[in-house]
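The structure appears below as structure tokens.
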Amino acid sequence: WLLRLAIVLFYISISAKIQGQCGPAIATATPSTICSTNLTNIVLSSIPAGATFTWTAAPSGVAGASDCSVACGTTIAQPLTTTGSGAGFVIYTITQTKGGCAPVSIPVTINVNPVPIAIPSVDSERICSGDFTSIFLSSAVSLTSFSWTVFQSGTSGASNCTGLCNSPAIVQQLTTSTAGSIATYTITPLANGCTGYPIYIPVHVDYLIPTVSATPPTQTVCSGSPISTITITNPNSVAGTTFSWTRNNNISLTGIAPSGAGATINGIFTNNTNIAQTTTFTIIATAGGCSSVSTTVSVTVNPQPTITATPVIQTVCSGVPITPIAISNPNLVAGTTFSWTRTNIGFLTGIAVPGSGTPISGTLINNTNTPQLTVFTITATATGCGSTAFKDSVIVDPTPTVSAAPVAQTVCSGTPITTINITNPNFVAGTTFSWTRDNNVNLTGIAAIGAGASIFGTFTNITNTPQVTTFTIIASANGCPSL
């Protein structure tokens, strides 16, 4: 039994020694989360020491992880890189081998955050003194923030932002008074504890800002009349200055474009309404990409009244009143008045010139023996603006004169009268004569009415006393009877 006891004690001793040599595997990852392109730092150890290790790697969204099956050492140091803009990870399965001990495997997860890349809206910027920068920053990596420092050469107004910057944009007002001024921003992105590479954005600040002036600053014109030329200048004489302008009220006022460029503005406005309209020109000077504070010029355009008159043409006899010519203002411009002149005032008298108001009325006398034309030129006026002239015509036919001889005679009943010869002293072409006589009962033998240039015949006095008859003779031409 002593021998049996010795054998049992031997096996108990061997078992205790093996159990003491097969301690746990230890893998310490410092840190367990790294930034893309950084090395892992997983330190492997065992208790007691002396174990060897192998591992396999199962990456997700990460490149750079690899297995190790022989001579692996006690540190896993592999550069891991995210393959996209999101985070990834690697699960390392580490296996410990030691003497006659059974292999022991433990998992270790390494999280890999992407390194953000700053994407600027501009690679460089040129602004004018007093303007704001407009550098907008973004990144494909979510939750990226940005910080920046700035180096100024000749500029002022720029400032660093090294803490929590509230906006992914650099909007700062920069000023300068010297040429060649520049502010250089060094911008660094940060996301999930990972700092990206800095980028550099230079901002050039121009100091020569042109000024602008324009004359006349205001003017009033009539619709259809040229405006006084607006002359634009650059008082501070910045080389290369150009001018541009826009204007409002483009519907009621047409004729000059709503925008333009150049050192002068000219043209003719048409006011499409019946009230005064104002347009304002906003003028800007530009040089080297820098624009002036705008200046304005105003032009007021009074409406042009329209005019019509009726009748447009008429024919009357000399000495007969004309049909009144009624004048009106179709576009109803307030305060419109009318004035007129007429032609042929030597041959046609009776209506004075010039005249005003409505209607035109009166009696024209044709002092000739031929038809005469007078043309009334009528103008409407409102706020100093005259209409296009309206023409109205009146033709005045001459009135023929008449004479007869002898003017009186005495004859015996039954004896022919001395022929009465009728003439037209003013020689109106086409004149004809007609006549009537009275006392047709007591004196017979010559008709009571007649026509022609002579009156002749024999009267019979059917009474026993002398009787008188009077011939009333009228000359007519073109429908106009003698007076």
Side-chain angles (χ1 to χ4, degrees), residues 125-132 134 173-181 204-307 331 333-337 339 379-389:
E125 193 171 36
R126 181 175 292 276
I127 64 173
C128 302
S129 180
D131 285 350
F132 287 85
S134 55
Q173 187 178 32
L174 305 185
T175 59
T176 186
S177 59
T178 58
S181 298
H204 302 271
V205 185
D206 294 323
Y207 79 103
L208 287 175
I209 300 177
T211 55
V212 66
S213 178
T215 56
T218 62
Q219 59 178 295
T220 299
V221 297
C222 294
S223 178
S225 297
I227 65 171
S228 297
T229 297
I230 299 169
T231 302
I232 308 169
T233 58
N234 168 225
N236 66 339
S237 302
V238 176
T241 295
T242 59
F243 307 104
S244 61
W245 51 264
T246 59
R247 71 172 186 86
N248 60 6
N249 201 359
N250 300 315
I251 296 175
S252 296
L253 290 176
T254 56
I256 296 179
S259 63
T264 57
I265 304 173
N266 47 42
I268 297 174
F269 276 120
T270 298
N271 183 340
N272 299 308
T273 75
N274 63 358
I275 59 174
Q277 297 289 332
T278 298
T279 186
T280 299
F281 291 87
T282 299
I283 306 167
I284 294 175
T286 302
C290 295
S291 297
S292 67
V293 175
S294 64
T295 190
T296 58
V297 168
S298 296
V299 178
T300 299
V301 183
N302 286 324
Q304 182 183 43
T306 55
I307 189 171
N331 67 339
V333 175
T336 296
T337 60
S339 60
T379 304
T381 303
T383 57
C385 298
S387 67
T388 301

Does a side-chain heavy-atom distance below 4.5 Å link Pro303 with Ser223? no
Please examine the side chains of Asp206 and Ile127, heavy atoms only from C-beta on, and report whether any two atoms are closer than 4.5 Å. no
So, does Gln219 use its side chain to make a donor-acceptor pair with the main chain of Ser298 at under 3.5 Å? no
Value for OG1 (Thr264) from CD1 (Ile232), rounded to nearest 0.5 Å, stands at 7.0 Å
Going by side-chain contact (heavy atoms from CB on, under 4.5 Å), Phe243 matches just one of Asn234, Ile284, Thr286. Which one? Asn234
Under a 3.5 Å distance rule, please check whether Ser292 uses its side chain to pair with a backbone N or O of Thr211 as donor and acceptor. no
Pair Ser252, Asn272: side-chain N/O donor-acceptor within cut-off below 3.5 Å: no
For the residue pair Ser134 / Glu125, report whether a side-chain donor-acceptor contact shorter than 3.5 Å exists. yes
side-chain contact (heavy atoms from CB on, under 4.5 Å) with Phe281: which of Thr295, Asn248, Ile265? Ile265
With a 3.5 Å cut-off and no angle check, do the side chains of Asn249 and Gln277 form a donor-acceptor pair? yes
Looking only at atom types and distance, does a side-chain atom of Ser129 sit under 3.5 Å from a main-chain N or O of Thr176, one as donor and one as acceptor? yes
Any side-chain to backbone donor/acceptor pair from Arg247 onto Ala257? Under 3.5 Å, distance only. yes
Could you verify whether a donor N or O on one side chain and an acceptor N or O on the other, from Thr278 and Thr300, lie under 3.5 Å apart? yes
Between Asn271 (side chain only) and Thr273 (backbone N and O only), is there a donor and an acceptor less than 3.5 Å apart? yes
